Amino acid sequence: MVIIMLGAPGTGKGTVAVLLQEKLGIKQVSTGDIFRKNMKEGTELGVLAEKYISKGNLVPDDVTIKIVEDRLDQPDVENGVILDGFPRTVKQAEELDKILAKRGKKVDKVINLTTPDEEIIERIVNRRVCSNQECKAVYNLVLNPPKQENLCDKCGSKLVTRKDDTEETVRKRLANYFEQTSPLVEYYEKQGNLLTELVSKSINKLGKDVAEDVVSQLKKD
Ligand code: AMP
């Protein structure tokens with residue numbers, strides 16, 4: 001099964017993807033995590049990606065598509081994958097369809113998360129992530145705070161703020177989302193596999209509620 005997490009930055013794609021990974025037993029693959037790991041290790045890819053990510057821009061399609069294509073050939077995603085943060089452009093979506101078709105697969109479900117704009121900035125500015133690359137747990141100081149200040153509940157490592165989570169970069173990422181990624185909503189609507197979920201504290205619906213909804217929806221399909 002191939003599931004895609006779609007949505008603007010800060011809507012909770014990563015949180016829902018990790019919960020779905022646990023509930024469905026299929027692997028989450030986040031292109032953002034792959035870039036961050038490479039940035040931390042100072043690889044050639046990391047140096048290139050940082051130039052774009054630090055400005056709130058997307059990493060070029062050819063680089064990103066190649067990474068995903070290689071990743072999809074790994075044995076741990078043979079039976080299923082949750083793509084978190086890919087595709088982000090129509091070109092990436094078209095190429096993904098081709099990559100999957102070559103392997104006798106297709107996109108089965110696209111989870112499109114939406115959150116009111118005013119909540120997005122607040123969510124991102126309060127986001128903290130575990131500095132341990134093997135853990136990568138995500139917290140929100142207001143909605144989902146760690147039990148001990150600045151320490152990860154799961155592994156005890158220090159929590160940090162992502163470098164691209166400044167208000168200025170977030171605004172740029174949001175603008176890029178609406179320009180380059182939001183056309184994918186129509187792209188997948190036409191394919192008939194889109195499931196849109198509102199994530200908002202105003203209706204008391206957060207990542208864990210959405211993950212439950214998605215699992216029950218998948219059972220009905
Ligand atoms: P994320 O962790 O999904 O928020 O991604 C962090 C950053 O990595 C994004 O703001 C982009 O700069 C870059 N990135 C992640 N996924 C992609 C993608 N599919 N295409 C281009 N850039 C990406």
Side-chain angles (χ1 to χ4, degrees), residues 2-18 20-21 27-41 43 45-72 77 81-100 107 110-115 120-121 123-131 133 135-140 159-185 187-188 199 207:
V2 177
I3 297 178
I4 288 174
M5 299 303 308
L6 194 62
T11 49
K13 295 187 294 294
T15 303
V16 175
V18 168
L20 289 178
Q21 169 174 264
K27 191 95 186 154
Q28 171 221 20
V29 168
S30 152
T31 38
D33 282 347
I34 296 174
F35 291 136
R36 278 185 289 278
K37 184 168 189 284
N38 277 274
M39 279 157 55
K40 201 165 182 187
E41 290 169 357
T43 65
L45 169 66
V47 173
L48 177 105
E50 184 147 23
K51 285 190 203 147
Y52 296 91
I53 294 178
S54 61
K55 295 196 183 86
N57 289 325
L58 293 184
V59 178
D61 280 343
D62 52 345
V63 177
T64 311
I65 291 163
K66 174 85 177 64
I67 288 169
V68 172
E69 180 159 26
D70 290 347
R71 184 67 186 84
L72 289 178
V77 293
V81 66
I82 302 162
L83 287 173
D84 168 7
F86 183 93
R88 264 178 155 106
T89 63
V90 171
K91 168 90 182 153
Q92 290 179 12
E94 288 169 349
E95 291 302 316
L96 177 64
D97 283 344
K98 289 185 205 160
I99 290 168
L100 292 173
V107 172
V110 180
I111 321 293
N112 174 38
L113 303 184
T114 63
T115 298
I120 284 187
I121 304 270
R123 286 170 67 107
I124 293 188
V125 172
N126 287 312
R127 174 158 63 187
R128 297 292 179 275
V129 294
C130 178
S131 55
Q133 287 292 316
C135 175
K136 299 176 302 189
V138 180
Y139 298 86
N140 182 292
L159 300 183
V160 292
T161 305
R162 266 170 55 171
K163 275 192 199 146
D164 60 342
D165 276 353
T166 61
E167 189 159 342
E168 192 194 346
T169 314
V170 172
R171 290 198 189 278
K172 179 79 179 138
R173 283 158 62 202
L174 275 175
N176 282 336
Y177 168 80
F178 286 108
E179 196 181 305
Q180 300 180 73
T181 309
S182 65
L184 292 182
V185 173
Y187 183 92
Y188 287 117
V199 186

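In each ligand, atom 1 is the first atom listed, and ligand 1 is the first ligand listed. Here the structure is a predicted model, which is why all the values come from computation and not from measurement.
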- In this structure, which one of R173, R123, R128 forms a salt bridge (charged side-chain N to carboxylate O under 4.0 Å, His left out) with D165?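 Of the listed residues R173, R123, R128, the salt bridge (charged side-chain N to carboxylate O under 4.0 Å, His left out) partner of D165 is R173.
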
- Query: Are T169 and D164 linked by a side-chain donor-acceptor pair shorter than 3.5 Å?
  - Reply: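 No - no donor-acceptor pair under 3.5 Å links their side chains.
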
Between the protein and ligand 1, which nitrogen or oxygen pairs come in under 3.5 Å, and how far apart is each?
from	atom 1	to	atom 2	distance (Å)
ligand 1	2 (O)	R36	NH1	2.9
ligand 1	2 (O)	R36	NH2	2.9
ligand 1	2 (O)	R162	NH1	3.3
ligand 1	3 (O)	R88	NH1	3.0
ligand 1	3 (O)	R88	NH2	3.1
ligand 1	4 (O)	R88	NH2	3.4
ligand 1	4 (O)	R162	NH2	3.0
ligand 1	12 (O)	N57	O	2.6
ligand 1	16 (N)	T31	OG1	2.8
ligand 1	16 (N)	G85	O	3.3
ligand 1	16 (N)	R88	NH1	2.8
ligand 1	19 (N)	G85	O	2.9
ligand 1	19 (N)	Q92	OE1	3.0
ligand 1	20 (N)	Q92	NE2	2.9
ligand 1	22 (N)	V59	N	3.0

Residue list, side chain to side chain contact (heavy atoms under 4.5 Å, CB included) with [X], at least two apart or on another chain:
X: K55; result: N57
X: S30; result: Q28, D33, R36, D84
X: V90; result: E94, P183, L184, Y187

- Query: Any Lys/Arg nitrogen of K172 or E168 sitting under 4.0 Å from an Asp/Glu carboxylate oxygen of the other?
  - Reply: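 Judged by the 4.0 Å cut-off on N to carboxylate O distance, K172 and E168 do not form a salt bridge.
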
